[in-house]
Amino acid sequence: MTSLFDFGTGVTYDFTSKVAFVTGAQQGIGFAAACGYAQSGAAVMLADIDEDKVHAAAEKINEAGYRAMGVVCDVSDEAQVAAAIDKTVSAFGRLDFAYNNAGVQAPKQDIADQPAEEFDRVVAINLRGLWASMKHELKHMRAQGSGAIVNCASVGGLVGTADLDAYTATKHGVIGITRSTALTYASRGIQINAVCPGMIETPMVASMLETQPEAMEEIKRFQVIGRVGKPEEVAAAVLWLSSPAARFVHGAYLAIDGGFSAN
């Protein structure tokens, strides 16, 4: 088998016979996490709104000798989420891990000038889409009596950022729903946690650097490690939170931000 990512941790997990579901999976952190699950032995369903790219991403994993499928899924549509998760269970027989990574950024804008439609778009994907994903993942995990869910929040869920009100609100909401559902499901054998990435080298951050240079320069000033992160550095934390090594971790939200939120 061919290695898809070097996670650089020296730590490996045995996810043989396990099944993972990843949203926003065709690139960036989502794809890195999907590769990590696959390299650890799990069968992986990659879900994304871009049909061609998600199937290409799944094929890349298969070509490396692992097991993966792609499915089209707009997380803002609950029916599509339910169908994608049902397809995962139908194809692979169960659902052990879910990484809810799908999300969008919003333009930097004074809230007094922000159209309601823009706020609703960000909420529909970042928060309602995550709610729908968890709802249908947990239906299967609850029946099994086991599972691990990792949600993608952001440092934007830990601190405030001027003129990014909709994005910041949704990412604070991701942490809230993570903590609340963790309390509900910890006694049922299901772990629910979140990661809070900072500035990571992804297409979304590249777009922000191009379209919002002033905002991004402000963020970079507090990147105390002196560089942006790599997708596999976040994925490594997702794998750990999915593994038995993190079995005592419930309702946590882990900053992976090069020290940004420590300022």
Backbone of [Y] reached by a side-chain donor or acceptor of [X] within 3.5 Å:
X: Glu233; Y: Lys230; result: yes
X: Asn126; Y: Val104; result: yes
X: Ser90; Y: Lys87; result: no
X: Glu51; Y: Val72; result: no
X: Gln144; Y: Asp96; result: no
X: Arg142; Y: Lys139; result: no
X: Thr23; Y: Asn101; result: yes

Can you see whether [X] engages [Y] through a side-chain donor-acceptor pair at a distance of less than 3.5 angstrom?
X: Glu137; Y: Asn100; value: yes
X: Tyr167; Y: Ser154; value: yes
X: Asp86; Y: His140; value: yes

For Lys60 and Glu63, what are the C-alpha separation, side-chain angles and deciding distance, and is it a salt bridge (Lys or Arg N to Asp or Glu O under 4.0 Å)?
CA-CA 5 Å; Lys60 185 174 181 179; Glu63 288 173 352; over 6 Å; no
In terms of heavy-atom contacts, does CD1 of Ile111 have more than 12 from other residues, nucleotides or ligands at under 6.0 Å?
no
Step through the shown structure and confirm whether more than 12 heavy atoms of other residues, nucleotides or ligands are within 6.0 Å of CZ on Arg94.
yes
Point-to-point distance, once rounded to the nearest 0.5 Å, from [atom1] of [X] to [atom2] of [Y]:
X: Leu46; Y: Phe21; atom1: CG; atom2: CZ; result: 9.5 Å
X: Met141; Y: Tyr185; atom1: CE; atom2: OH; result: 10.5 Å
X: Asp165; Y: Gln109; atom1: CG; atom2: CD; result: 9.0 Å
X: Ile125; Y: Gln105; atom1: CD1; atom2: CD; result: 11.5 Å
X: Glu201; Y: Ile29; atom1: CD; atom2: CD1; result: 11.0 Å
X: Ile85; Y: Ser133; atom1: CD1; atom2: OG; result: 5.5 Å

If I compare all heavy atoms of [X] with all of [Y], which pair ends up nearest, and what's the gap?
X: Ala255; Y: Leu158; value: CB-CD1, 3.9 Å
X: Lys171; Y: Gly156; value: CB-C, 3.9 Å
X: Gln191; Y: Leu241; value: NE2-O, 3.8 Å
X: Asn193; Y: Val249; value: ND2-O, 3.0 Å
X: Ala57; Y: Ala25; value: CB-O, 4.4 Å
X: Ala38; Y: Val44; value: N-CG2, 3.7 Å

Which of Ile175, Asn151, Val174 passes side-chain contact (heavy atoms from CB on, under 4.5 Å) with Tyr253? Answer is Ile175
Val54 and Val71, any side-chain heavy atoms less than 4.5 Å apart
no
Is there a side-chain contact between Lys18 and Tyr37 (heavy atoms, below 4.5 Å)?
no
Decide yes or no on side-chain contact (heavy atoms from CB on, under 4.5 Å) for Met134 and Ile192, but give the supporting numbers first.
CA-CA 10 Å; Met134 292 184 72; Ile192 305 173; 3.8 Å; yes
Set out, in order, the CA-CA distance, both residues' side-chain angles and the distance that settles side-chain contact (heavy atoms from CB on, under 4.5 Å) for Thr12 and Ser40, then state yes or no.
CA-CA 7 Å; Thr12 58; Ser40 300; over 6 Å; no
Assess the pair Phe97 and Phe15: is the distance between their ring centroids shorter than 6.0 Å?
yes
Linking I/L/V/M/F/W/Y whenever their side-chain heavy atoms sit closer than 4.5 Å, directly or via other members, would Ile49 and Val22 fall into one cluster?
no
